[in-house]
Chemist: 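Below: one structure in structure tokens.
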Amino acid sequence: MKAQSANTTTPSDESSLQNNFIRQIIAEDVKTNKHGGKVVTRFPPEPNGYLHIGHAKSICLNFGIAAEQAGRQCYLRFDDTNPSKEDLEYVESIKTDVHWLGYDWGERLRHSSDYFEQLHEYAIALIKMGKAYVCSLTPEQIKEYRGTLREPGKNSPDRERSVAENLDLFERMKAGEFAEGTYVLRAKIDMASPNLNMRDPAIYRIKHLPHQMTGDKWCIYPMYDFTHCLSDAIEGISHSLCTLEFEDHRPLYDWVLDTLNTPCHPQQIEFARLSLNYTVMSKRKLQELVENQHVSGWDDPRMPTLSGIRRRGYTPEAIREFCDRIGITRKNTQIEMGVLENCIRTDLEAKTTRVMAVLKPLRVVIENYPADQVEQLDAPYHPTDASMGSRQIPFSRVLYIEQDDFRETPPKKFFRLAPGREVRLRYGYFITCQAVIKDENGEIVELRCSYDPETRGGSTPPDGRKVKGTLHWVSAPHTITAEVRLYDRLFNQADPGADGTDFKAALNPNSMEVLTYCQLEPSLANAQAGERYQFERLGYFCVDNVVSKEGALVFNRIVTLRDSWAKIEKAKG
RNA sequence: UGGGGUAUAGCCAAGUGGUAAGGCAGCGGGUUUUGGUCUCGCCAUCCCAGGUUCGAAUCCUGGUACCCCAGCCA
């Protein structure tokens, strides 16, 4: 019996319940035949880092909307216009992550760099129209000339350069005659615009750097604002969905497309990026965590990166469901972790097999059970889904139970084992605690118990007596020893660093607890990397896909089960 | 009186002049061989103040709070 780890649904099987403002706009546009009735979207990551769950929101939106249309057209476009920041390494990880989420771009894989030739021609067209000029101001001067939020900028002395001279200079920029920073091509718009993006923005800069895709072919590279809108137009994108901070860029996006003769004029629509509490989402901060070794890498199971979340054991279905639940708006919000956790619990509840594992073992000897006897007890893999089958679990005189399931002096409402108290061992027998054995330090090392043979399989005995607690357990001579890693939130503050301190000061020192002597039932012997299980009464766990080996299994805790006892205890303090 | 945005429950989010969906969290009940699951119930008059209207979360006026913008980054 294998735990289910494959994707069982694909996004096309689901229809999003979301009726967000973007879908409404698109539905209306389709009705009025606005972009020729076509809907074409794109997901345009810059290959300069790993994707995180915030990107998943955008991926699900763009690919999700496309999937709802007959054409199903969504491009995966690497926005690679800055060779000093980007790397091929990231391209592969991004493709892996998008695929893992369940989306397929088919033939529509592109790079902005695919368009460098066309972009260059558009730039020349702009120059010829007198709408762009080569500026020789230094970066510092450009900044001075730009003005401030309240004061208008002033024109560059090069603003009225002749078309012929601009053409010549631009050609020589391209030919590599000039050093970086000496010249820049600027759009000629309005230095007095209240929108700083319109104050003659740079559209081409010199970078004597090879590009990961085009090699040494270019030493001038187009800027985002020039590249993005034209790339959208070249691909025939109908709706260009981006995050809120690009709102101020929309007038420039439209200016470029209105000024130049392009195949079409895509519509930019902005939505709020995702923010999750108790974590950070910016590439810079995530990178800092990796570089300073606060985590083991980009795929550390505590990271909000898609590779980390995947390694942790989250399913793509749960992530898609999460993206559906949080909605799409223009409001800056912070989503509670609990929403994500509920999504994965709901998904895993239905599809994981149940097994028993004791994380912090406490030895139990059943004194009235024959020393040489071993029984095989039948235990279903799922409480309500019989199709998952069952397995045999051994029962013997010496067992392990969870340390937390025994209290020498039980508090009120504690339904588990205590001296003189009887509990059920799940699918096993009722046992009663007869004695507590301690070591020289007073630590409890063993429990002496008796069992009731009439309760085999955990069933209620003929006299009908009830017990309040059911414990999970394993037979000591038959266990597999494994390592289990328990994760908690990465940060202690809901919004790390929001109080003005370094976000790293909010790091949770207890975000990972490694348990190396966990005792698992023998059916887990052949557990494979990536497989997910519910350890009964504890949570959902996934065999780690990096460090786990046959004979030396390592499990990651994906998420705990809801725990109303923990809630009661916490409430009492 | 620089420009651009956003305000509906603890957290998200529908609502588009006709009397506040849904989810998460929380609280209470039932079922239960996981203190799990499942199930039933409870939980808001919409940032503030005026106005228009038979009727306003939706329209108007005036405020307030918060977010984004001065890279040759994306």
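Protein chains get the first letters and strands the later ones, always in sequence-line order, with residue 1 at the start of each.
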Chemist: Quick check: do A/Asn82 and A/Lys207 have side-chain heavy atoms less than 4.5 Å from each other?
Modeler: yes
Chemist: B/rG23, B/rC73, B/rU34: which one has an atom nearest the side-chain heavy atoms of A/Arg325?
Modeler: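 When the side chain of A/Arg325 is considered, B/rG23 is the closest of B/rG23, B/rC73, B/rU34.
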Chemist: Just wondering, do A/Phe246 and A/Ser240 contact through their side chains at under 4.5 Å, heavy atoms?
Modeler: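 No, every pair of side-chain atoms sits at 4.5 Å or beyond.
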Chemist: Which nucleotide sits closest to the side chain of A/Asp248: B/rC69, B/rU34, B/rG23?
Modeler: B/rC69
Chemist: Between B/rC69 and A/Arg199, is there an OP1 or OP2 to side-chain N/O distance shorter than 4.0 Å?
Modeler: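 No, outside the criterion.
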Chemist: Counting just side-chain N and O atoms, does A/Thr384 come under 4.0 Å of either OP1 or OP2 of B/rU37?
Modeler: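 For B/rU37, neither OP1 nor OP2 has a side-chain N or O of A/Thr384 closer than 4.0 Å.
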Chemist: Checking only heavy atoms, does the side chain of A/Arg416 share a donor-acceptor pair with the base of B/rG35 at less than 3.5 Å?
Modeler: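 Indeed, a donor on one side and an acceptor on the other fall under 3.5 Å apart.
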Chemist: State, yes or no, whether a side-chain contact exists between A/Tyr451 and A/Thr432 at a heavy-atom distance under 4.5 Å.
Modeler: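 They are not in contact (no side-chain heavy atoms under 4.5 Å apart), so the answer is no.
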Chemist: When you measure from the side chain of A/Thr148, which nucleotide among B/rA70, B/rG15, B/rU33 comes out closest?
Modeler: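 The nucleotide sitting nearest to the side chain is B/rA70.
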Chemist: Which of these nucleotides, B/rC12, B/rC24, B/rG35, is closest to any side-chain atom of A/Asn342?
Modeler: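 In terms of side-chain proximity for A/Asn342, the closest of B/rC12, B/rC24, B/rG35 is B/rC24.
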Chemist: So if I take every side-chain heavy atom of A/Ile142 and compare against B/rC24, B/rA74, B/rC72, which nucleotide ends up nearest?
Modeler: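 Given the options B/rC24, B/rA74, B/rC72, the side chain of A/Ile142 is closest to B/rC72.
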Chemist: For B/rG15, does OP1 or OP2 lie under 4.0 Å from any side-chain N or O of A/Asn19?
Modeler: yes
Chemist: Are B/rG35 and A/Trp565 stacked, with the base six-membered ring and the side-chain ring centres under 5.5 Å apart and planes under 30°?
Modeler: yes
Chemist: Can you find an N or O donor on one side and an acceptor on the other, under 3.5 Å apart, linking the side chain of A/Arg562 with the base of B/rU37?
Modeler: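 Donor-acceptor pair under 3.5 Å: no.
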Chemist: State whether A/Lys331 places a side-chain N or O below 4.0 Å from either non-bridging phosphate oxygen (OP1 or OP2) of B/rC66.
Modeler: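 Indeed not, no polar side-chain atom of A/Lys331 lies that close.
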Chemist: Between A/Glu288 and A/Lys285, does any side-chain N to carboxylate O distance fall below 4.0 Å?
Modeler: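 The answer is no: the pair does not qualify as a salt bridge.
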Chemist: Quick check on B/rG36: is either OP1 or OP2 less than 4.0 Å from any side-chain nitrogen or oxygen of A/Ser564?
Modeler: yes
Chemist: Tell me whether the OP1 or OP2 atom of B/rA74 has a side-chain N or O from A/Thr227 closer than 4.0 Å.
Modeler: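 Looking at the OP1 and OP2 atoms of B/rA74, neither is under 4.0 Å from any side-chain N or O of A/Thr227.
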Chemist: Hey, does A/Leu137 reach any base, or is it just sugar-phosphate, or nothing, if we go heavy atoms under 4.0 Å?
Modeler: base
Chemist: Base, sugar-phosphate, or nothing: which does A/Leu244 touch, judged by heavy atoms less than 4.0 Å apart?
Modeler: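 The answer is nothing, as A/Leu244 stays clear of every strand by at least 4.0 Å.
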Chemist: Quick one: is B/rG4 close enough that its OP1 or OP2 comes under 4.0 Å of any side-chain N or O from A/Arg330?
Modeler: no
Chemist: Provide a list of protein-nucleic acid N or O atom pairs under 3.5 angstrom, restricted to nucleotides 63-65 of chain B.
Modeler:
none

Chemist: Going by modelled atom types, is there a donor-acceptor pair between the base of B/rG36 and the side chain of A/Glu536 at under 3.5 Å?
Modeler: no
Chemist: Looking at B/rG26, I'd like to know if its phosphate oxygens (OP1 or OP2) sit under 4.0 Å from a side-chain N or O belonging to A/Lys567.
Modeler: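 Affirmative; the distance criterion is met.
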Chemist: Verify the contact: side-chain N or O of A/Arg537 to OP1 or OP2 of B/rU34, cut-off strictly under 4.0 Å; return yes or no.
Modeler: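 For B/rU34, OP1/OP2 do not have a side-chain N/O of A/Arg537 under 4.0 Å.
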Chemist: Please tell me if the side chains of A/Phe78 and A/Gln212 come closer than 4.5 Å, counting only heavy atoms from C-beta onward.
Modeler: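 No - every pair of side-chain heavy atoms lies 4.5 Å or more apart.
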Chemist: Would you measure the distance from the P atom in B/rU32 across to the matching atom in B/rG26 and give it in whole Å?
Modeler: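 Between the two P atoms, the distance is 24 Å.
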Chemist: Can you find a heavy atom in the side chain of A/Tyr429 that is under 4.5 Å from one in the side chain of A/Ile366?
Modeler: no
Chemist: When you measure from the side-chain N and O atoms of A/Asn195 to the phosphate of B/rC69, is any distance below 4.0 Å, counting only OP1 and OP2?
Modeler: no
